Amino acid sequence: MKKTRLNAVHKEAGARMVEFAGFEMPVEYKGIIDEHLAVRTRAGLFDVSHMGEIIVEGPEALACVQYLTPNDAGKLAPGQVQYTALTTPEGTFVDDMLVYCLSVPDKYLLVVNAANTDKDFAWVKEKAAPFRVFVVNRSDEHSQLALQGPLAQEILQPLTELDLGQMKSFTFAFGKVAGIDCLVSRTGYTGEDGFEIYTLAENPEVIWKAIMAQGTPKGLLPVGLGARDTLRLEAKLMLYGNDISDKTTVLEADLKWIVKFQKGDFLGKAVLEKQLQEGLKRKLVGFEVLDKGIARPHYPVFAGGRQVSEVCSGTFAPYVKKAIGLVYLPIEYTEIGTEFEIGVRDRKLKARVIPTPFYKREKK
Amino acid sequence: MYPDNLYYTKDHEWVKLEGDEAVVGITDFAQKQLGDIIYVDLPQPGKVLEARQAIGSVESVKSVSDVYSPVSGEVVAANSELAQTPDLINKDPHGQGWIVRLKIKDKSELNNLMKAADYEKYLEGLEH
């Protein structure tokens, strides 16, 4: 099992460790609910060094990224970040990811899911063969910390010379944090304001400890993968393997906003165009459970007297205080307010399609 | 850590004998594994249970776990406090976080269960 460079720090902090995507990772420190609420109301610090970092570099890097992804990477200037996907020729997901534009048109960083890093690297390398690019997997050298929550900027600013007040959402800059060279982006996976901090340094625990020291008096907590999952689901951020996969198309996942048909050819374009013309047969929707109980992944979903699907993501959401989830439903059941049932062991619970995201932070 | 006056199961329930009645809950180990508990499915009084039959379930943010009756008996009461404050199980698993009270059918069934020292040894085995 792999360990991140912060492994000892988590154990010192009393984290409960689990295996995730081949890494020994902290699932919780104080408890999922406390950690979740800390991020919504104050701030939380995550070790997400398990995430994958793949660099595409060369004179045709932009053309290559454009071909591999449905969003328009051509819109990115250096210092900008974009949410997008790696798509199959069927318009389904190899993965979802962030693209960081390091240099136009010749250098891009792809940040991918830990569980998919090897698969993605092999995929990108294979599909990039016709382009004049190098593809390098730099995942093992990178550590990544995420500082998320309304107090994130206030906590991080004293530790860096970067002017965080000037850093817009989905942009990044290079600078020192706690004296260590980093890439800092205003991005995250929680639905809150915050930063993701990448470093190649061997001692990222210096950054971790500096942030904890700065933030603890303000209510900062270290946060594990347990609350990372409940936070991202409240904000309706996708989890590969639960909500999206190589069996679901980008349009079915209700991510049409990352598909830019006018930008030129890309993997899956023809299938997605056809799907758009013909109309979707099913779509990913958010639901709340109306009866008492919690819907969890793979629980069967019933509508019109038959099983139509199974739950993708489902949990108790600590901030909105409801049992919520995501499910692909036949298109005739996807209107807001539509009721259906979820099999929870020997019972059937009533559930209802509701608007998403389940939680949306108030913008200042 | 684990009180000497309780009996323990491999599924991490505990039983406390009080006269002809048995109080049942889940152990500190079980509540730690589950994490923050948010919902407890309780049985109705009068329900007759065989040993190892499901009493109900305990749900945390992360997962759901069945609770099995360590002994045979009839449900006399369920801990109604858990409906409002299910996290009593996290805070005081061997006390206020009790789940049901049973009228015990056969006290000799307790001999099948572990004493505190044995349970602690059993847990050590699980953690490696």
Side-chain angles (χ1 to χ4, degrees), chain A residues 11 14-18 20 25-40 221 223-234 239 242 289-299 311 313-325 342-347 349, chain B residues 1 11-12 26-44 47-50 52-69 75 78-93 96-97 99-100 123-124 126-128:
Chain A
K11 287 182 178 167
R16 219 162 71 76
M17 306 295 285
V18 295
F20 179 80
M25 297 297 290
V27 63
E28 60 179 301
Y29 303 79
K30 265 190 89 176
I32 293 178
I33 293 177
D34 281 352
E35 292 166 28
H36 184 113
L37 297 179
V39 173
R40 288 275 179 261
L221 290 183
V223 184
L225 293 183
R228 182 169 160 86
D229 188 50
T230 54
L231 286 159
R232 69 91 197 162
L233 183 55
E234 265 184 358
L239 175 61
N242 278 39
V289 180
L290 301 172
D291 291 324
K292 223 170 158 81
I294 297 154
R296 299 190 186 274
H298 304 301
Y299 283 8
V311 173
S313 290
T315 190
F316 174 77
Y319 190 79
V320 301
K321 293 192 169 58
K322 284 180 200 172
I324 57 166
I342 299 172
V344 175
R345 281 112 49 93
D346 51 349
R347 293 180 299 158
L349 304 183
Chain B
M1 166 83 252
D11 298 318
H12 312 290
I26 65 169
T27 67
D28 186 57
F29 176 85
Q31 70 82 14
K32 280 202 183 113
Q33 290 293 310
L34 282 161
D36 295 327
I37 291 165
I38 46 183
Y39 175 57
V40 185
D41 192 13
L42 297 165
Q44 292 297 323
K47 186 167 182 181
V48 177
L49 297 162
E50 293 296 317
R52 304 191 57 75
Q53 192 181 336
I55 297 176
S57 60
V58 176
E59 289 215 41
S60 68
V61 178
K62 261 197 320 275
S63 62
V64 56
S65 179
D66 279 320
V67 180
Y68 299 97
S69 184
V75 177
N79 185 357
S80 55
E81 301 260 329
L82 296 178
Q84 288 308 311
T85 46
D87 60 341
L88 277 179
I89 295 179
N90 293 118
K91 290 181 180 141
D92 188 11
Q96 287 180 59
I99 296 173
V100 291
L123 291 182
E124 274 172 34
L126 293 182
E127 279 164 10
H128 296 287

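Being a predicted model, the structure only gives us computed values, none of them experimental.
- For the side-chain contact (heavy atoms from CB on, under 4.5 Å) test, residues two or more places apart in sequence or in another chain that qualify with A/A38 are A/R42, A/L221.
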Please report all inter-chain donor-acceptor pairs (under 3.5 Å) between chain B and chain A, with distances to 0.1 Å.
residue: B/Q33; atom: O; partner: A/R16; partner atom: NH2; Å: 3.4
residue: B/D36; atom: OD2; partner: A/I32; partner atom: N; Å: 3.1
residue: B/D36; atom: OD2; partner: A/I33; partner atom: N; Å: 2.7
residue: B/S57; atom: OG; partner: A/R345; partner atom: NH2; Å: 3.0
residue: B/E59; atom: OE1; partner: A/R296; partner atom: NE; Å: 3.3
residue: B/E59; atom: OE1; partner: A/R296; partner atom: NH2; Å: 2.8
residue: B/S60; atom: O; partner: A/R296; partner atom: NH2; Å: 2.6
residue: B/V61; atom: O; partner: A/R296; partner atom: NH1; Å: 3.0
residue: B/V61; atom: O; partner: A/T315; partner atom: OG1; Å: 3.2
residue: B/K62; atom: O; partner: A/R296; partner atom: NH1; Å: 3.2
residue: B/K62; atom: NZ; partner: A/E28; partner atom: OE2; Å: 2.6
residue: B/S63; atom: O; partner: A/R296; partner atom: NH2; Å: 3.3
residue: B/D66; atom: OD1; partner: A/R345; partner atom: NH1; Å: 2.9
residue: B/D66; atom: OD2; partner: A/R345; partner atom: NH1; Å: 3.4

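- The side-chain contact (heavy atoms from CB on, under 4.5 Å) test with A/I294 is passed by exactly one of B/V61, B/V64, B/I38: B/I38.
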